[in-house]
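Atoms within a ligand are numbered from 1 in the order they appear, just like the ligands themselves.
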Amino acid sequence: MVIDSGLQGKVALVTGGGRGIGRAVVEMFARDGVDVLFFFLGNTEAAQQVVAAVTGAGGRCEAVQVDVTDADAVGTAVEQIIDSRGRIDVLVNNAGIVRDNLLGMLDDADIQAVFDTNIGGTFNATRAVARHMISKRSGRIVNLSSVAAGKGGRGQSNYAASKGAIEAFTRAMAVELASRKITVNCVAPGVIETEMSQQVRDLADEQIRARILLRRYGQAEDVAHAVWFLASRFADYITGEVLHVDGGFKME
Ligand code: NAD
């Protein structure tokens, strides 16, 4: 018996889909029959590889070069998607960056870039997409937070603040959009084996693993499964929540 997630034939937009968790989300959705579009920043070759992998496996996928910090570019791209697909059913705000350093060593640019991308990008895409979801009286928004939002991490003040803001934004949007039948939730990954976490894994491999109850790093697919769940009909009655995908990550 096939279990129907309710996602087949839906249109999803994933920001930062060219690699890592975003790519895994794109591939997961496409496997479930979703028509997936994703924004990528600059690596056209990587984006084309994702599209080729998905379409080669029989899925539907399109890559659009958009910097999520550019509100006008996000707005224009979303309008083009609406023109071509008629709707966006699922938005995944995944694009994110780290610029880790102790507070005294952080320069203004490191702080601003993290805020502009992580929380600014989430605002830009949500504002552009939500009005179309409102007119359809349905939609799913899933934002990528982090274990850093809830647990202190040395050298992560800018990143942690941006992810805490994403969780607060998620709860506020859940309240604003509930009457329009739009759910808004977060997935908060722990340490996932992607390029983003490479440096910290190289620096403190054993100490980090010792704090993870399951004693292993997560895979991008572990996070994609949670995003898929929150986008699916199985999460119809969940909004304003944070789903932790961290193997039981504990800080001292
Ligand atoms: P990654 O660095 O591998 O991928 C991030 C993607 O976002 C890249 O494709 C990048 O090009 C894109 N991106 C960055 N800035 C952008 C911009 N301005 N416009 C458009 N795209 C942009 O990182 P990842 O590990 O796949 O992380 C994905 C999300 O998960 C991020 O929000 C991150 O903060 C979060 N997260 C990751 C981890 C982890 O351990 N990897 C842990 C917690 C949370």
**Q** Compare every heavy atom of V227 with every heavy atom of V92, then report the nearest pair and how far apart it is.
**A**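 So the minimum-distance heavy-atom pair works out to CG2-CG1, 3.8 Å.
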
**Q** What distance separates K136 NZ from R87 CZ, expressed to the nearest 0.5 Å?
**A**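 CZ of R87 is found 7.0 Å from NZ of K136.
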
**Q** Sequence neighbours left out, what pairs pass salt bridge (charged side-chain N to carboxylate O under 4.0 Å, His left out) with at least one residue falling in residues 117-129?
**A**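 For residues 117-129: none.
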
**Q** Give me each pair satisfying ring pair (Phe, Tyr, Trp, His ring centres under 6.0 Å) with a member in residues 104-155, each pair once, sequence neighbours excluded.
**A**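 For residues 104-155, and leaving out neighbouring residues, the ring pair (Phe, Tyr, Trp, His ring centres under 6.0 Å) pairs sorted by first residue read F123-F169.
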
**Q** Taking distance alone, no hydrogens or angles, what donor-acceptor pairs closer than 3.5 Å link side-chain atoms of residues 3-16 to residues at least two apart or in another chain?
**A**
unit_1	atom_1	unit_2	atom_2	d
D4	OD1	G6	N	2.8
S5	OG	L7	N	3.1
S5	OG	D32	OD2	2.4
K10	NZ	G6	O	3.1
T15	OG1	N94	N	2.9
T15	OG1	A95	N	2.9

**Q** Just to be sure I understand the cut-off, which residues have at least one non-hydrogen atom under 4.0 angstrom from an atom of ligand 1?
**A**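 Residue list for ligand 1: G16, R19, G20, I21, L41, V66, D67, V68, T69, N94, A95, G96, I97, T117, L144, S145, S146, Y159, K163, P189, G190, V191, I192, T194, M196, S197.
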
**Q** If we check side chain to side chain donor-acceptor pair (under 3.5 Å) with N143, which of these qualifies: T170, N185, T122, T126?
**A**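 Running side chain to side chain donor-acceptor pair (under 3.5 Å) over T170, N185, T122, T126 with N143 returns exactly one hit, T170.
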
